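The shown structure was predicted, so the numbers you read here are calculated from the model rather than taken from an experiment.
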Amino acid sequence: MERRWDSLLFVVCLILSFAEIVNGGITSSYVRHANFSLDMPLDSDVFRVPPGYNAPQQVHITQGDHEGKGVIVSWVTQDEPGSKTVLYWAENGGLKKLAEGFILTYKYYNYTSGYIHHCTIEDLEFDTKYYYEVGIGNTSRQFWFLTPPKPGPDVPYTFGLIGDLGQTSDSNRTLTHYELNPAKGQALLFVGDLSYANDYPFHDNARWDTWGRFVERVAAYQPWIWTAGNHEIDFAPEIGERQPI
């Protein structure tokens, strides 16, 4: 019995020591209140479709490799497939390069998605600002991102942390707070429950589109690293969708 208590004490001390090591401190006093918030109306400016025929929308990036020298750029075009290439260049590099991706679509109940593009940019330099452009002609759109520093045992790197975001007025306050916080992360860990599309009638997947446009203002400029939550399991046998996606 004494040995069990010794083992338990050791484990507790070990956990507390790790908590001390990874303590990032408090960067803000902001606390999102616990009461339910109302959905933002569909004509809210945060859901606005970019102007122009087939303009890229819902632009977002995520890490493209385990080292930090790759980025996956994703976006949607609504009217037709459009270009599947990304034009990119380093801030001080001058030389512009092209990367080619692929396009897919999906259907869910009475919803048909737009044309979903994914393109991986590889062999980037560490700790460098890159600009990138998606789309063609007058409806092309330009964004930028910063690559991480070269990995090392003592190299600092800061992550933001968001979960259970949704698309309510409180969601907008949360995202705005992160966006404007000078101490925000260099990348963001999203710990699940993104759009809450499955809470709408017939699991309205059009709410993925509104959510994608909503978060673009941050997600297009720094990698968001995703984890699926229970609200991402779209399973609705009552409307014929018996295969979880």
Side-chain angles (χ1 to χ4, degrees), residues 36-62 72-86 100-120 134-137 139-141 143 162-172 174-175 188 190-221 223-245:
F36 284 110
S37 179
L38 297 177
D39 289 338
M40 292 182 285
L42 289 174
D43 59 357
S44 297
D45 59 349
V46 296
F47 298 146
R48 186 179 299 142
V49 177
Y53 175 78
N54 210 42
Q57 57 171 277
Q58 306 176 52
V59 181
H60 58 280
I61 62 175
T62 192
I72 300 172
V73 182
S74 302
W75 70 98
V76 174
T77 54
Q78 200 61 48
D79 304 298
E80 59 178 272
S83 171
K84 57 184 177 182
T85 60
V86 174
E100 186 166 341
F102 61 93
I103 301 171
L104 53 83
T105 61
Y106 77 94
K107 293 185 177 181
Y108 187 89
Y109 188 53
N110 59 355
Y111 169 84
T112 300
S113 74
Y115 299 91
I116 304 167
H117 304 65
H118 299 293
C119 180
T120 302
V134 293
I136 54 176
T139 57
S140 64
R141 303 181 66 203
F143 305 89
I162 294 180
D164 300 284
L165 186 59
Q167 40 198 305
T168 69
S169 55
D170 273 348
S171 310
N172 194 33
T174 297
L175 193 60
L188 188 137
F190 200 104
V191 294
D193 294 346
L194 285 71
S195 73
Y196 286 79
N198 69 325
D199 278 355
Y200 294 89
F202 307 112
H203 293 218
D204 186 3
N205 273 229
R207 279 295 186 167
W208 278 109
D209 295 322
T210 55
W211 193 84
R213 293 193 291 271
F214 165 51
V215 300
E216 181 190 85
R217 68 192 205 231
V218 179
Y221 295 94
W224 283 31
I225 301 168
W226 313 93
T227 298
N230 61 302
H231 285 276
E232 277 68 72
I233 302 173
D234 238 338
F235 175 65
E238 70 275 10
I239 58 174
E241 294 294 343
R242 297 180 174 84
Q243 182 67 38
I245 62 169

Exercise. With distance as the sole test, does E216 use its side chain to make a donor-acceptor pair with the main-chain N or O of V59 at under 3.5 Å?
Worked result: yes

Exercise. Can you name the side chain to side chain donor-acceptor pair (under 3.5 Å) partners of S74, sequence neighbours left out?
Worked result: H118

Exercise. Which heavy-atom pair separates S169 from S37 by the least distance, and what is that distance?
Worked result: OG-OG, 2.6 Å

For this session: Drop me the distance from I61's CD1 to T120's OG1, to the nearest 0.5 angstrom.
Result: 12.0 Å

Problem set entry | By side-chain contact (heavy atoms from CB on, under 4.5 Å) - contacts of D79 (at least two apart) | Y53, N54

For this session: Please round to the nearest 0.5 Å and tell me the distance separating atom CG of N172 and atom CZ of F214.
Result: 5.0 Å

Exercise. Is a side-chain donor-acceptor pair under 3.5 Å present for D39 with Y196?
Worked result: no

For this session: Check whether any side-chain heavy atom of L42 lies under 4.5 Å from a side-chain heavy atom of R207, and answer yes or no.
Result: yes

Exercise. Do W224 and H60 come close enough that some side-chain heavy atom pair is under 4.5 Å?
Worked result: no

For this session: Determine the interplanar angle of the W75 and H117 rings, folded into 0 to 90°, and report it as parallel if under 30°, tilted if 30 to 60°, perpendicular if over 60°.
Result: parallel

For this session: Report yes if the side chains of L194 and L165 come closer than 4.5 Å at any heavy-atom pair, otherwise no.
Result: no

Exercise. Do you know which two heavy atoms are closest between F190 and D193, and how far apart they sit?
Worked result: CE2-O, 3.6 Å

For this session: For the pair S44 (side chain) and V46 (backbone), establish whether a donor and an acceptor sit closer than 3.5 Å, ignoring hydrogens and angles.
Result: no

Exercise. Where do Q57 and R213 come nearest, in terms of heavy atoms and distance?
Worked result: OE1-NH1, 2.7 Å

Seminar exercise, completed: The reported gap from CG in D204 to CG in N198 (rounded to nearest 0.5 angstrom) is 11.0 Å

For this session: Enter the distance from I116:CD1 to T105:OG1 here, rounded to the nearest 0.5 Å.
Result: 7.0 Å

Exercise. Are side-chain heavy atoms of V73 and F143 found at a separation under 4.5 Å?
Worked result: no

For this session: Please examine the side chains of L175 and R217, heavy atoms only from C-beta on, and report whether any two atoms are closer than 4.5 Å.
Result: yes

For this session: Under the salt bridge (Lys or Arg N to Asp or Glu O under 4.0 Å) rule, collect the residues that match up with E100, sequence neighbours excluded.
Result: K84

For this session: Look at the aromatic rings of H203 and Y108 and report parallel, tilted or perpendicular, splitting at 30° and 60°.
Result: parallel

Exercise. Counting only N and O atoms by type, is there a donor-acceptor contact under 3.5 Å from the side chain of R141 to the main-chain atoms of P56?
Worked result: yes

For this session: Give me the ring orientation class for Y109 and F202: parallel if the planes are under 30° apart, tilted from 30 to 60°, perpendicular past 60°.
Result: parallel

Exercise. Do the side-chain N and O atoms of S171 and T168 include a donor-acceptor pair separated by under 3.5 angstrom?
Worked result: yes

Exercise. What pair of heavy atoms forms the shortest contact from Q167 to S195, and how long is it?
Worked result: NE2-O, 2.9 Å

Seminar exercise, completed: Only residue of W208, Y200, Y106 satisfying ring pair (Phe, Tyr, Trp, His ring centres under 6.0 Å) with Y111 is Y106

Seminar exercise, completed: Rounded to the nearest 0.5 Å, the OG1 atom of T62 sits from the CG atom of L188 at a distance of 10.0 Å

For this session: To the nearest 0.5 angstrom, please state how far the CE atom of M40 sits from the CG atom of D170.
Result: 9.5 Å

